[in-house]
Amino acid sequence: METQEGVSKQSIRERIWDYMESHDIADFPRPVHHRIPNFKGSYLAGQSIRDLEVFAGTQEVKVDPDKPLEGVRFLALQSKKTLLVPTPRLRTGLFNKITPPPGATKDILRKCATSQGVRNFSVPVGLDSSVLVDLVVVGSVAVSEKGWRIGKGEGYADLEYAMMVSMGAVHEGTPVVTIVHDCQVVDIPEALVEDHDLTVDYILTPTRVITTGCARPKPTGIMWSKVSFEMLTKIPVLRTLREREKRAGKDVTLWDEPGSQQPAPSTVRRPQDRPQAGSRGGSHSPLQGTDTQLAATVYVGNLPYNTRVRELKRALQELGAVPLRLTWQGPQHRAVLHYTDSAAAQQAASLLQGLRLGANALRVSLGQQRDK
């Protein structure tokens, strides 16, 4: 598959998800949209990791819990390596160590490698544990032969790696491998790659083993200026790491912390510079004055019935149109975006023109021009 200059990360994701479904490449669980997509041949692709010298010499391997990486998790257990799997959405910690029962048969090891097995045959690994990961295996939605990677858009793989750096579990030379279908290997414009994005050193597909030779540095730790208060509330281990780095004298100011002068996070860099719509710092309290509120309001309608608020927020971040406040009206398939002033609202409405979520083209209007 080829991509064109000027596209966004989300458009690349949508194109690959659509392609995999329409060409019957996708495998359970389906549909693959909004997931790290599983594909027919994922187990075969994962088996070729045995031929990599970086796998043969490892003792501790961190493998993401995504379905297409199940074969790699099984192979790591079968090779008697220490297998670490991130906890789902990092809610209860960073890693779980998979511990098969004594004398586990091949069938039991296969079960241990599944998502259910990760839950049933694992123990948590604390931040103070002595962990030194020799190899990192991540899922991807898209990846380029240069080693640039796009995930499903929630940023967990990037954050997990940054957290591992913070706790000393990985270093600059720790290799990163991804397992994808050949159709997921595409050209990714360099303008989309940001400092917090994790790059990969090896790409395994059902037909190829690609050594990227990627020279772009991997994240050197947690970029707190791209972390929000919402993320801290959802990820307790992130709060712990922040306290540690704060005590160590590091700048741990969050992007939405009151008084912060940090630029807002964005998962997209445009080839051309675009001014940001609305202020990202300061208070998130409602704007003062009814006339001001209406003038600084953008209505977004025709949202797909199954859209979640975080999906819209992610799209707003990518376009540089994050509001001061968002009012979610899911049952009406609509959201109300509040900006600092009418100019910011007009700019945001312009940026949002043509935005699609799933199969729906969104309807965007200013002020009181509500969607019917």
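Everything numeric in this text was worked out from a predicted model, so none of it was measured.
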Seminar exercise, completed: So CG of Leu254 and NZ of Lys226: to nearest 0.5 Å the spacing works out to 13.0 Å
Seminar exercise, completed: Residues at least two apart in sequence or cross-chain that pass side chain to side chain contact (heavy atoms under 4.5 Å, CB included) with Arg244, listed by chain then number, are Leu127, Asp128, Thr240, Arg247
For this session: Show the numbers, then the answer: is there a side-chain contact (heavy atoms from CB on, under 4.5 Å) between Val298 and Tyr339?
Result: CA-CA 8 Å; Val298 175; Tyr339 293 91; 3.8 Å; yes
For this session: Could you tell me the separation between the OG1 atom of Thr178 and the CG atom of Asp201, rounded to the nearest 0.5 Å?
Result: 11.0 Å
Seminar exercise, completed: Applying side chain to side chain contact (heavy atoms under 4.5 Å, CB included) to Ala169 and not counting sequence neighbours gives Val131, Val133, Met164, Met167
Problem set entry | Residue list, side-chain hydrogen bond (donor to acceptor under 3.5 Å, both in side chains) with Asp134, at least two apart or on another chain | none
Exercise. Has the side chain of Ser166 got a donor or acceptor atom that lies under 3.5 Å from a matching backbone atom of Gly221?
Worked result: no
For this session: Determine, stepwise, if the pair Glu70 / Lys67 fulfils salt bridge (charged side-chain N to carboxylate O under 4.0 Å, His left out).
Result: CA-CA 5 Å; Glu70 193 172 291; Lys67 182 66 175 177; 2.9 Å; yes
Problem set entry | Donor-acceptor under 3.5 Å (His23 side chain, Ile25 main chain) | no
Exercise. Is a side-chain donor or acceptor of Tyr161 paired with a backbone partner of Thr220 at a separation under 3.5 angstrom?
Worked result: no
Problem set entry | Pair Thr253-Asp251, side-chain hydrogen bond (donor to acceptor under 3.5 Å, both in side chains): steps then yes or no | CA-CA 6 Å; Thr253 305; Asp251 183 359; 2.7 Å; yes
Exercise. Once you round to the nearest 0.5 Å, how far does CG of Asn302 lie from CG of Leu355?
Worked result: 11.0 Å
Problem set entry | Pair Asp18 + Arg13, salt bridge at N-O below 4.0 Å | no
Exercise. Checking side-chain contact (heavy atoms from CB on, under 4.5 Å) for the pair Lys97/Ser122: CA distance, chi angles, key distance, verdict?
Worked result: CA-CA 5 Å; Lys97 177 182 175 182; Ser122 66; over 6 Å; no
Problem set entry | Taking every non-hydrogen atom, the tightest pair across Ala321 and Leu351 | CB-CD1, 4.2 Å
For this session: Go through the steps to decide whether Val170 and Val136 satisfy the test side-chain contact (heavy atoms from CB on, under 4.5 Å), and finish with yes or no.
Result: CA-CA 9 Å; Val170 294; Val136 174; 4.1 Å; yes
For this session: Identify the two heavy atoms, one from Ser144 and one from Ile203, that lie closest to each other, and give their separation to 0.1 Å.
Result: O-CD1, 3.2 Å
For this session: Please state whether the rings of Phe39 and His181 are parallel, tilted or perpendicular, taking 30° and 60° as the class boundaries.
Result: perpendicular
Exercise. How far does CG of Leu84 sit from CD1 of Ile98, to the nearest 0.5 angstrom?
Worked result: 8.0 Å
Problem set entry | Minimum side-chain heavy-atom gap Val176-Val138 below 4.5 Å | yes
Exercise. In terms of hydrophobic clusters joined by side-chain contacts under 4.5 Å, are Ile49 and Leu44 together?
Worked result: no
For this session: With sequence neighbours left out, write down each residue that passes side-chain hydrogen bond (donor to acceptor under 3.5 Å, both in side chains) with His34, or none if nothing qualifies.
Result: none
Exercise. What pairs with Glu21 under salt bridge (charged side-chain N to carboxylate O under 4.0 Å, His left out), at least two apart in sequence or on another chain?
Worked result: Arg30
Problem set entry | Exercise: identify the closest heavy-atom pair between Ala45 and Pro206 | CB-N, 3.6 Å
For this session: Please round to the nearest 0.5 Å and tell me the distance separating atom CD of Glu172 and atom OG1 of Thr174.
Result: 9.5 Å
Seminar exercise, completed: Nearest heavy-atom contact between Ala335 and Leu312 is CB-CD2, 3.6 Å
Exercise. Is there a donor-acceptor contact under 3.5 Å from the side chain of Trp17 to the main chain of Arg35?
Worked result: yes
Exercise. Is the side chain of Glu318 donor-acceptor paired with the backbone N or O of Ala315 at a distance under 3.5 Å, no angle test?
Worked result: no
For this session: Can you tell me which residue pairs pass the salt bridge (Lys or Arg N to Asp or Glu O under 4.0 Å) test with a partner in residues 137-147, sequence neighbours excluded?
Result: Glu145-Arg208
Name the atoms and distances for all side-chain donor-acceptor pairs under 3.5 Å in residues 51-64, with sequence neighbours left out.
| from | atom 1 | to | atom 2 | distance (Å) |
| --- | --- | --- | --- | --- |
| Thr58 | OG1 | Phe55 | O | 2.7 |
| Thr58 | OG1 | Lys81 | NZ | 3.3 |
| Glu60 | OE1 | Leu132 | N | 3.4 |
| Lys62 | NZ | Asp64 | OD1 | 2.7 |
| Lys62 | NZ | Glu160 | OE1 | 3.2 |

Exercise. Will you find, in the side chains of Thr327 and His338, an N or O donor that is under 3.5 Å from an N or O acceptor?
Worked result: yes
For this session: Quick one: closest heavy-atom pair of Pro304 and Leu362, and the distance?
Result: CD-CD2, 4.4 Å
For this session: Enter the distance from Leu319:CG to Ser8:OG here, rounded to the nearest 0.5 Å.
Result: 7.0 Å
Seminar exercise, completed: Those residues at least two apart in sequence (or on a different chain) that pass salt bridge (charged side-chain N to carboxylate O under 4.0 Å, His left out) with Lys40 are Asp24
For this session: Begin from the C-alpha positions of Asp182 and Thr205 and carry the test side-chain hydrogen bond (donor to acceptor under 3.5 Å, both in side chains) through to its verdict.
Result: CA-CA 6 Å; Asp182 291 275; Thr205 80; 2.9 Å; yes
Exercise. Does any N or O in the side chain of Asp341 come within less than 3.5 Å of the main-chain N or O of Ala344, such that one atom is a donor and the other an acceptor?
Worked result: yes
Exercise. Excluding sequence neighbours, so at least two apart, what forms side chain to side chain contact (heavy atoms under 4.5 Å, CB included) with Ser350?
Worked result: none
Exercise. Partners of Lys106 by side chain to side chain contact (heavy atoms under 4.5 Å, CB included), sequence neighbours excluded?
Worked result: Phe74, Gln78, Arg110
Exercise. At their closest point, which heavy atom of Thr199 faces which heavy atom of Cys214, and how far apart are they?
Worked result: CB-SG, 3.8 Å
Problem set entry | Side-chain donor or acceptor of Asn96 paired with backbone N/O of Val85 under 3.5 Å | no
For this session: Treat each ILVMFWY residue as a node, draw an edge where side-chain heavy atoms are under 4.5 Å apart, and state whether Met223 and Met231 are in one component.
Result: no
Problem set entry | Pair Arg149-Ser140, side-chain hydrogen bond (donor to acceptor under 3.5 Å, both in side chains): steps then yes or no | CA-CA 7 Å; Arg149 171 189 173 275; Ser140 302; 3.2 Å; yes
Problem set entry | Glu245 (side chain) donor-acceptor with Lys250 (main chain) under 3.5 angstrom | no
For this session: Report yes or no: do Val237 and Leu232 belong to one cluster of Ile/Leu/Val/Met/Phe/Trp/Tyr joined by side chain heavy-atom distances under 4.5 Å?
Result: yes
For this session: List for me each residue that meets side-chain hydrogen bond (donor to acceptor under 3.5 Å, both in side chains) alongside Arg73, sequence neighbours excluded, and say none if there are none.
Result: none
Exercise. Do the side chain of Ser79 and the main chain of Ala76 share a donor and acceptor less than 3.5 angstrom apart?
Worked result: no
Problem set entry | Verify same cluster id: Ile108, Tyr43 (apolar side-chain graph, 4.5 Å) | no
For this session: For Asp158, enumerate each residue passing the side-chain hydrogen bond (donor to acceptor under 3.5 Å, both in side chains) test, keeping only those at least two apart in sequence or located in another chain.
Result: none
